Amino acid sequence: MMHWTNYFSSLAPTFVALIVAYIAFQQWQTNRTSLRERLFDRRLEIFEETHTFLSEVIHKGTISETSIFRFHAAIHKGEFLFESDVISYMNEIRIASVKLLEHETIAREATNKEERQENIKRKYEKLGTLDEKIENIFDVFRPYLHFAR
């Protein structure tokens with residue numbers, strides 16, 4: 001007949017293994033949650049940079065090379081955090097912004113009244129494009145700003 005200590009000593013390694021497995025699972029869950037939180041924070045930062053960029057351009061009605069360069073840097077960071085839909089959206093904003101700056105510069109430096117007026121018209125068309133972009137910014141970024149993704 002086996003003594004109860006023999007039963008306990010044969011079950012102890014299994015019990016310890018279960019505890020270790022549970023602790024490892026909990027650590028994995030914590031690390032996974034931490035990773036998702038860091039990813040969310042970085043994505044939110046790109047979203048905020050994009051929103052701020054668009055808001056400033058639309059509010060001021062003008063743009064600077066410095067702000068375009070900062071936004072371009074945000075696009076490069078975003079390439080590692082988002083899929084092609086968001087990057088395409090951001091590149092469309094960049095292209096419209098560069099065109100806006102181009103039309104502003106030509107209008108400012110134009111000596112011909114018709115050329116000046118044409119570029120002012122094109123500038124406001126690009127501002128309209130950027131205004132459309134800010135209207136759907138939440139729809140573009142929303143799928144990536146969930147903690148679960």
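What you see is a predicted model; the values in this text were computed from it and never measured. Here, residue 1 is the first one in the sequence, and each next residue gets the next number.
- When each of Phe53, Phe138, Phe40 is checked for a ring-ring contact (aromatic ring centres under 6.0 Å, His included) with Phe47, only Phe138 meets the rule.
- The shortest heavy-atom contact between Asp131 and Ile58 is CA-CD1, 3.5 Å.
- Taking both residues in full, the closest heavy atoms of Ile93 and Thr50 are given as CD1-CG2, 3.9 Å, listed atom of the first, atom of the second, then distance.
- Sorted by first and then second residue, the pairs that involve residues 84-109 and meet salt bridge (Lys or Arg N to Asp or Glu O under 4.0 Å), not counting sequence neighbours, are Glu92-Lys133, Lys99-Glu102, Glu104-Lys123.
- Nearest heavy atoms, Leu39 versus Leu81: CD1-CD2, 3.7 Å.
- Between Thr129 and Glu125 there is no side-chain heavy-atom pair separated by less than 4.5 Å.
- Below 30°, between 30° and 60°, or above 60°: for Tyr89 and Phe141 the angle between ring planes is above 60°, a perpendicular geometry.
- Inter-residue side-chain proximity for Asp139 and Arg142 is flagged as met; some heavy-atom pair is nearer than 4.5 Å.
- Remark: Arg43 is positioned above the aromatic ring of Phe82, its terminal NZ or CZ atom under 6.0 angstrom from the ring centre and at most 45 degrees off the axis.
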Cut-off 3.5 Å, no hydrogens considered: what does the side-chain donor-acceptor table look like for residues 113-120, sequence neighbours left out?
unit_1: Glu118; atom_1: OE2; unit_2: Arg122; atom_2: NE; d: 3.2
unit_1: Asn119; atom_1: OD1; unit_2: His103; atom_2: ND1; d: 2.9
unit_1: Asn119; atom_1: ND2; unit_2: Glu115; atom_2: O; d: 2.9

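- Between Trp28 and Arg32 the shortest side-chain heavy-atom distance falls below 4.5 Å.
- When all heavy atoms of Leu130 and Ala96 are compared, the closest pair comes out as CD2-CB, 3.8 Å.
- At a cut-off of 3.5 Å, with distance as the only test, a side-chain donor of Ser34 or Arg38 sits close to an acceptor on the other residue.
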